[in-house]
A.B. asks: 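One structure follows; several queries about it will come next.
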Amino acid sequence: MSPSTHSIMGEPTEAGRFGEFGGRFVPETLIPACQELEAAFREAWADPIFRGDLDAVLREYAGRPSILTECRQLGAQLGLRLVLKREDLNHTGSHKINNVLGQALLAKRMGKKRLVAETGAGQHGVASATAAALLGLECKVYMGAVDVERQALNVFRMKLLGAEVEAVHSGSRTLKDAVNEAMRDWVATVESTHYCLGSVMGPHPYPWMVREFHRVIGTEARAQCLDAYGADPDVVVACVGGGSNAIGIFSGFVDTSARLVGVEPAGGAAVGRGHPGVVHGMRSYLMQDEYGQVQEAHSISAGLDYPGVGPEHSYLASIGRAEYPTVTDAEVVDAFQLLARTEGIIPALECAHALAWIAREAATMQGQTVLMNLSGRGDKDVGQMMEVLGS
Amino acid sequence: MTNPDLEGHLRSRRDTGHKLLVPYVTGGVNGWLDAVRAAVASGADAIEIGIPFSDPVMDGPVIQQASQLALDGGATPVSILHEVREVDVGVPLVVMCYYNTVHHAGHARFASQLRDAGISGAIVPDLPLEESGEWCAAADDASVATVMLAAPTAPDDRLPRVCARARGFVYSVGLLGVTGERDSLAATATRLAGRLKAVTDRPVVVGVGVSNASQAVEACRVADGVVQGASVVRRLLEGGPDAVAEYVSEVRRALDSEFVTSVS
């Protein structure tokens with residue numbers, strides 16, 4: 001049974017609420033599917049066989065546990081101990097695989113034959129296509145036409161993996177419109193199809209379920225920090241679009257005294273500039289105009305180009321447990337190069353947001369241990385950065 | 001100010017054997033007010049007015065396009081509710097709006113804005129039963145009828161609860177999918193309408209995927225009426241209010257010739 005209230009980063013209420021955020025704002029058609037998914041997840045998550053299967057595939061296929069890397073050069077330069085949780089080293093190059101393997105195993109357990117997914121930068125789309133290939137499911141990925149253009153390599157990867165990729169031409173032609181189109185597909189195909197949502201957003205149970213699938217990031221990192229340094233980090237930092245990698249790492253440290261920092265792009269600051277609104281099945285902070293029309297986000301990174309944020313982040317912000325500053329595209333471009341040159345690691349543009357904040361605020365964290373979730377690798381962004389920086 | 005009673009109006013017409021025809025017009029597109037007048041003059045029993053939203057997840061390409069055109073033309077919920085006051089057509093007007101429009105305005109404020117604009121009812125397609133409490137209470141207080149949607153996926157025990165909370169009519173979703181014209185009426189359309197008719201006395205009106213006069217007749221063999229959405233909006237975009245009038249007349253004639261109305 002679900003609780004009527006919830007503990008911080010525990011199970012949401014029966015209505016899928018984290019405080020006043022979350023819920024299940026979807027057309028009637030999807031209500032039975034959301035209820036079925038919630039029941040199936042609850043049952044699977046309590047089943048040692050499912051957990052064992054997921055652990056095995058995470059270990060033997062995705063390459064978990066991911067390592068910690070201490071950035072000695074950059075840390076010395078910034079005057080702090082900078083530690084990266086290397087989700088970029090997972091199979092498919094980002095943290096997205098954790099959630100996707102969980103959902104694909106669950107879809108199969110539920111007898112679904114087909115996955116639909118939305119994608120921004122293409123990381124979740126690639127991960128979904130990968131899991132579908134591994135488990136013998138059909139896969140269709142919706143991607144904004146703007147993102148199809150700026151992430152052409154990932155589009156080709158998805159096709160290589162056997163997925164169908166459909167460019168979405170409505171609205172801002174980015175991630176939010178890809179979510180709309182994936183939901184429209186799901187409304188029409190709900191009996192055979194599982195919607196493999198890529199972040200801690202959407203209607204209940206997605207924000208909770210996706211967080212649980214990413215909890216492994218925080219659980220591992222906490223043990224690894226204790227092992228390496230004998231203490232919890234002082235600050236835990238991650239980038240936030242929908243917020244799945246941030247939720248994953250925060251979940252390991254929410255009960256410590258560590259500062260939790262989710263970094264949003266200046267052009268997509270749902271928590272920083274938004275007001276509570278309802279879109280994509282959830283009540284959460286949302287960038288919207290004076291009439292409630294959802295505004296378009298603008299960020300150099302396709303994966304963060306989202307005007308909303310997962311409802312649990314809104315809750316963590318509202319109670320002051322986590323903070324959500326912003327960085328500019330220019331700061332991100334600098335951070336992208338900084339990590340490459342000082343540590344030999346090319347980060348995804350999304351994670352470069354987290355590093356940009358650390359670099360900017362380093363003076364206030366002298367001598368502290370700062371754990372950053374390096375949620376994805378930057379290979380996919382190299383073409384775009386070549387244009388930005390000139391070859 | 002008293003607006004027409006949506007449910008009373010539809011029930012009294014339904015009870016004579018008359019089939020209910022509810023055309024949908026996207027507010028704010030060129031010619032929309034004339035399209036509303038033309039549809040009523042051509043035999044509509046109520047009009048559904050879409051308030052355009054940036055992210056219409058229940059809508060297919062035609063209504064998405066109309067919504068975007070309206071938004072690009074500067075339409076807002078406030079401008080549409082202001083303009084609709086000019087319309088005095090003698091049948092109830094119902095708005096269709098996504099929940100963030102309501103949420104952003106505030107439940108009580110939005111309900112009174114509807115009432116003051118002469119609107120009798122509201123359809124909020126992304127507000128399912130479990131989340132509808134606050135809005136329904138505010139709408140009830142303002143005498144705005146909240147039309148609930150019932151979906152083909154709903155289990156039997158859900159339908160009576162949806163119907164109990166519905167006011168005005170029950171919107172029977174015709175298929176698994178979004179709004180838009182289809183070549184044939186889905187089997188789910190009459191099946192769900194039949195399931196609803198078995199559990200409620202409220203008017204049952206089928207919408208989503210009822211695409212022409214013959215499909216309207218087919219749906220009405222079981223249901224009390226139909227919403228005509230994409231088929232109307234496409235004609236409005238392509239041919240203006242005259243094309244809407246011609247189409248609504250055609251559907252009206254088809255329904256009236258198929259279903260004999262008893263003199264009351």
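Convention: sequence-line order gives letters A, B, ...; per-chain numbering from 1.
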A.B. asks: Does the pair A:R283/B:E131 count as a salt bridge with the N-to-O cut at 4.0 Å?
C.D. replies: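 Looking at B:E131 together with A:R283, the answer is no, because their closest N to O distance does not fall below 4.0 Å.
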A.B. asks: Side chain from CB out, backbone as N, CA, C, O: work out which of these in A:Q288 comes under 4.5 Å of a heavy atom of chain B, or both, or neither.
C.D. replies: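 Just its side chain gets close to chain B.
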A.B. asks: Could you go step by step and tell me if A:V190 and B:T153 meet the side chain to side chain contact (heavy atoms under 4.5 Å, CB included) rule?
C.D. replies: CA-CA 9 Å; A:V190 62; B:T153 50; 3.9 Å; yes
A.B. asks: If you count heavy-atom pairs under 4.5 Å between each of A:Q295, A:E290, A:M183 and chain B, which one has the most?
C.D. replies: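 Of the options given, most contacts go to A:E290.
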A.B. asks: Who among B:L71, B:D126, B:V124 has the most heavy-atom pairs with chain A under 4.5 Å?
C.D. replies: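 The candidate making the most pairs under 4.5 Å is B:D126.
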A.B. asks: To the closest 0.5 Å, what do you measure between NE2 (A:H275) and NE2 (B:H104)?
C.D. replies: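 Nearest 0.5 Å value for the NE2-NE2 distance: 7.0 Å.
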A.B. asks: Which answer fits A:D289, side chain, backbone, both or neither, if we ask what part of it has an atom under 4.5 Å from a heavy atom of chain B?
C.D. replies: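 Backbone only.
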A.B. asks: Can you confirm whether B:N30 is buried at CG, in the sense that more than 12 heavy atoms of other residues, nucleotides or ligands lie under 6.0 Å from that atom?
C.D. replies: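 Check fails, neighbour count at 12 or below.
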A.B. asks: Do you know which two heavy atoms are closest between B:D55 and A:H280, and how far apart they sit?
C.D. replies: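 Here B:D55 and A:H280 meet closest at OD2-NE2, 4.4 Å.
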A.B. asks: Show every side-chain hydrogen bond (donor to acceptor under 3.5 Å, both in side chains) that has at least one partner inside residues 182-194 of chain B, sequence neighbours left out.
C.D. replies: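 The answer is none; no pair qualifies.
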A.B. asks: Under a 4.5 Å cutoff for heavy-atom pairs, which residue among B:M148, B:R158, B:Q65, B:Q68 has the most contacts with chain A?
C.D. replies: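 Of the candidates given, the most pairs with chain A belong to B:R158.
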A.B. asks: How far does CG of B:L149 sit from OG1 of A:T29, to the nearest 0.5 angstrom?
C.D. replies: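 OG1 of A:T29 is found 8.0 Å from CG of B:L149.
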A.B. asks: So do B:P128 and A:P27 actually touch side chain to side chain, heavy atoms under 4.5 Å?
C.D. replies: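 No, too far: nothing below the 4.5 Å cut-off.
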A.B. asks: Taking atom CZ as the centre, does B:R109 end up with more than 12 heavy-atom neighbours from other residues, nucleotides or ligands that are less than 6.0 angstrom away?
C.D. replies: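 Count not over threshold, so no.
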A.B. asks: Within the distance-only criterion (no hydrogens, no angle test), does the side chain of B:S54 pair as donor or acceptor with the backbone N or O of A:Q293 below 3.5 angstrom?
C.D. replies: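 Flag not set: sc B:S54 to bb A:Q293 has no pair under 3.5 Å.
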A.B. asks: State whether the side chain of A:E28 and the backbone N or O of B:P152 hold a donor-acceptor pair below 3.5 Å, judged by distance alone.
C.D. replies: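 No, the answer is negative, given that no donor and acceptor are paired below the 3.5 Å cut-off.
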A.B. asks: Run through B:N100, B:V102, B:L127 and flag the one making a side chain to side chain contact (heavy atoms under 4.5 Å, CB included) with A:V278.
C.D. replies: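 Testing each of B:N100, B:V102, B:L127 against A:V278, the sole residue satisfying side chain to side chain contact (heavy atoms under 4.5 Å, CB included) is B:N100.
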A.B. asks: Looking at every non-hydrogen atom in both residues, tell me the closest pair between B:P155 and A:P32 and how far apart they are.
C.D. replies: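 The pair with the smallest heavy-atom distance is CD-CG, 4.2 Å.
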A.B. asks: I would like to know whether A:V279 and B:Y99 meet side chain to side chain contact (heavy atoms under 4.5 Å, CB included); could you show each step before the answer?
C.D. replies: CA-CA 8 Å; A:V279 77; B:Y99 181 56; over 6 Å; no
A.B. asks: Measuring from atom CD1 of B:I80 to atom OH of A:Y291, what distance do you get when rounded to the nearest 0.5 angstrom?
C.D. replies: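 Result: 11.0 Å between the selected atoms.
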A.B. asks: Please check if the side chain of A:R184 supplies one atom and the backbone of B:D59 the other of a donor-acceptor pair under 3.5 Å.
C.D. replies: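 Checking the backbone N and O of B:D59 against the side chain of A:R184, a donor-acceptor pair under 3.5 Å is found.
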A.B. asks: Report, as yes or no, whether the 6.0 Å neighbourhood of atom CD on A:E149 holds more than 12 heavy atoms from other residues, nucleotides or ligands.
C.D. replies: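 No, not enclosed.
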A.B. asks: When only pairs under 4.5 Å are counted, which of B:A150, B:A154, B:P56, B:G60 shares the most heavy-atom pairs with chain A?
C.D. replies: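 Most pairs with chain A among the choices: B:P56.
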A.B. asks: To the nearest 0.5 Å, what is the distance between CD on B:E130 and CD on A:Q35?
C.D. replies: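 Between atom CD of B:E130 and atom CD of A:Q35 there are 6.0 Å.
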